Amino acid sequence: MAKIQERRSEIGFIERSRNHSEDCRQCRWFSLCRGGCYRCRDGMEDNYFCESYRMLFENCFAQMEEISRFLFTTRY
Ligand code: SF4
């Protein structure tokens with residue numbers, strides 16, 4: 001694990017994953033999506049799956065909220 005962490009630091013994985021285009025940062029879904037997986041982005045470009053994410057969030061956000069509320073209010 002130490003080696004993996006060392007390598008991540010060397011290549012700046014975390015820092016580079018925080019690079020988002022202005023469009024992405026202004027997107028209404030950014031707080032939920034955060035640009036998606038860094039591996040599916042090409043530099044500062046939006047995620048390859050951006051259009052799919054937008055469709056998913058538009059169509060499923062209400063249900064996602066419902067599930068979230070259920071999980072936070074239910075004790076197992
Ligand atoms: S839906 Fe697209 S534009 Fe919006 S935050 Fe996700 S990747 Fe960025």
Side-chain angles (χ1 to χ4, degrees):
M1 291 306 286
K3 270 273 193 221
I4 292 172
Q5 185 54 39
E6 186 180 317
R7 183 67 184 133
R8 290 172 96 195
S9 296
E10 281 173 14
I11 64 174
F13 183 82
I14 301 296
E15 293 73 20
R16 286 189 300 145
S17 71
R18 291 184 180 137
N19 285 342
H20 300 99
S21 68
E22 194 54 34
D23 281 350
C24 199
R25 261 193 288 275
Q26 297 300 321
C27 172
R28 67 181 287 212
W29 304 113
F30 185 75
S31 63
L32 185 63
C33 175
R34 310 209 55 87
C37 176
Y38 175 69
R39 288 186 175 89
C40 300
R41 278 190 267 145
D42 186 15
M44 288 289 286
E45 298 300 315
D46 287 338
N47 198 294
Y48 301 134
F49 301 111
C50 177
E51 191 176 339
S52 301
Y53 289 148
R54 289 175 192 255
M55 288 168 59
L56 173 76
F57 297 139
E58 293 287 343
N59 289 294
C60 300
F61 185 70
Q63 293 92 331
M64 292 166 76
E65 271 189 320
E66 195 176 316
I67 292 167
S68 173
R69 243 189 314 278
F70 174 79
L71 292 173
F72 279 108
T73 57
T74 304
R75 292 180 185 257
Y76 293 100

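Note that this is a predicted model, so its numbers are computed, not measured. Along the sequence shown, residues are numbered consecutively beginning with 1. When reading the values below, keep in mind they use all heavy atoms of this one structure, side chains included, and skip hydrogens, waters and symmetry mates.
Within a 6.0 Å radius of CD in Gln63, more than 12 heavy atoms belonging to other residues, nucleotides or ligands are found.
Under the rule for a ring pair (Phe, Tyr, Trp, His ring centres under 6.0 Å), Phe49 has no partner lying at least two apart in sequence or in another chain.
By the 30° and 60° cut-offs, the orientation of the rings of Trp29 relative to Phe57 is tilted.
Hydrophobic clustering (ILVMFWY, side-chain heavy atoms < 4.5 Å, transitive): Tyr53 and Met55 are in distinct clusters. When hydrophobic clusters are built by joining Ile, Leu, Val, Met, Phe, Trp and Tyr residues whose side-chain heavy atoms come closer than 4.5 Å, directly or via intermediates, Met64 is not grouped with Phe70. Both Phe61 and Leu56 belong to a common hydrophobic cluster when Ile, Leu, Val, Met, Phe, Trp and Tyr are linked at side-chain heavy-atom distances under 4.5 angstrom.
A salt bridge between Glu10 and Lys3 is absent, with no side-chain N of the basic residue lying under 4.0 Å from a carboxylate O of the acidic one. In this structure, Glu66 does not pair ionically with Arg69, as no charged nitrogen and carboxylate oxygen lie closer than 4.0 Å.
When atom types are taken as modelled, the side chain of Arg41 and the backbone of Ser17 share a donor-acceptor pair closer than 3.5 angstrom.
Closest approach of Arg16 to Ile11, counting heavy atoms only: NE-O, 3.1 Å. Closest approach of His20 and Arg18 over heavy atoms only: ND1-O, 3.1 Å. A pairwise comparison of heavy atoms in Cys24 and Gly35 identifies SG-CA, 3.7 Å as the closest pair.
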